[in-house]
Protein chains: 2
Amino acid sequence: MARKKSAPKRRSGCPLNASVEMLGDRWSLLIIRDMMLRGFRSYKEFLECYEGIATNILADRLSKLQAYGIVAAERDPGDARKITYSLTAKGIDLAPVLTEMVLWAAAHEDTGNQALVRQMRADKRKFLAGVRRRWAAG
Amino acid sequence: MARKKSAPKRRSGCPLNASVEMLGDRWSLLIIRDMMLRGFRSYKEFLECYEGIATNILADRLSKLQAYGIVAAERDPGDARKITYSLTAKGIDLAPVLTEMVLWAAAHEDTGNQALVRQMRADKRKFLAGVRRRWAAG
DNA sequence: TCCAGTACTTGCAAAATGCAAGTGATATGT
DNA sequence: ACATATCACTTGCATTTTGCAAGTACTGGA
């Protein structure tokens, strides 16, 4: 699996810049969403994302997210064709980011998934604890 | 100034998708950061961002952020050359998003601006209230 | 009038995205 | 053993976006 440990060359030392260098594209956070909230674990599942991602973009982003340490990948022990992807601790720590982005858009745009939004709004801390619990349960 | 009021065509109704369609690029959040945290208001100031943005990209993003209702622009009454940009209410509501992204990167990457990070960590709510107060003061 | 400042625009090369077909390895069925 | 299906990509190509650096039009100051 893709694994890169050298310090990346960044445009600046600002933390926000580090975030957007890793996540500032159309697709990365959507993949993380599906992993975090819909329990997706396979390439095939990610291809079914609501927004319709291209195969080469999906492969590219999964590779990058692994390189950033946000996503881990392992071969399925029972079927060597299958790869199972999961969020790392670093990845699950993006839950507050993702939550705030959902809440921001829901407040200012005409969006769907109102059940999720209501859950988040009702008790953000409880929602985030649930996300973390499900992640920890494997 | 650029002003577009039609409902955009989105890849899905998911709130996160709406967010990344507006903000999922390398530069938009960095511009918002400089507006929100450094008090930048002019094109020339934004050009001085830490990361070195290209003139055409800056112009393009400012135009888009206006179209999305995140940024407002007005001509300076004393100098018709100057345009003053500011965050709208919708724009300032991105403060929690930006804050969580800063905290995430600071926790997982080797980043600078530790004073800001300490402030955010010490009392997130207080930090956000400060951002909002400064915004409201014009 | 000439020069400086402001906010872009433009031309071009490189990089990224998106569509759809193709590929190689593994698993299943006959 | 061979044929077919599945899985995770890869590839070819056209379009779009990014980034660099020079250029432009308008306004303000000397």
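A, B, ... follow the sequence lines: proteins, then strands. Residue 1 opens every chain.
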A:Ala59, nearest nucleotide to its side chain (from C:dT6, D:dC9, D:dG28): D:dC9
Distance in angstrom units between A:Asp25 CG and C:dA16 P, rounded: 11 Å
Among D:dT18, D:dA8, D:dG19, the nucleotide that comes nearest once only the side chain of B:Arg61 is considered: D:dT18
Spacing of B:Arg75 atom CZ relative to C:dA7 atom P, expressed in whole Å: 9 Å
Selection from C:dT9, C:dA27, D:dA8 that lies nearest to any side-chain heavy atom of B:Tyr43: C:dT9
Donor/acceptor link under 3.5 angstrom from B:Thr55 side chain onto base of D:dA21: yes
For atom CD1 of A:Ile57 and atom C1' of D:dT15, their distance in whole Å: 13 Å
Separation of atom CG in B:Asp60 from atom P in C:dA7, rounded to whole Å: 17 Å
Atom pair distance, as rounded to whole Å: CZ in A:Arg41 and C1' in D:dA8: 17 Å
Salt bridge B:Arg132-B:Asp93, side-chain N to carboxylate O under 4.0 Å: yes
B:Lys124 with B:Glu100: basic N within carboxylate O range, under 4.0 Å: yes
Gap between atoms CG and P, on A:Leu30 and C:dT17 respectively (whole Å): 13 Å
Minimum-distance nucleotide to B:Ile83 side chain [options: C:dC8, C:dT17, D:dT27]: C:dC8
Separation of atom CD in B:Glu51 from atom C1' in D:dG19, rounded to whole Å: 15 Å
Salt-bridge present (B:Asp76, B:Arg81; N to O < 4.0 Å): no
Carboxylate-amine/guanidinium contact B:Glu109 A:Arg10, below 4.0 Å: yes
Shortest side-chain distance from A:Ala80, nucleotide among C:dT26, D:dG19, D:dT18: C:dT26
N or O in side chain of B:Trp27 less than 4.0 angstrom from D:dT17 OP1/OP2: no
N/O (side chain, B:Arg11) to phosphate O (OP1/OP2, C:dG18) under 4.0 Å: yes
Closest nucleotide among C:dT10, C:dT17, D:dT11 to the B:Asn56 side chain: C:dT10
Sole residue of B:Ile57, B:Leu62, B:Ile32 in side chain to side chain contact (heavy atoms under 4.5 Å, CB included) with B:Trp27: B:Ile57
Below 4.0 Å: OP1/OP2 of D:dA25 and any side-chain N or O of B:Arg81: no
Integer-rounded Å distance: D:dC9 P and A:Lys64 NZ: 14 Å
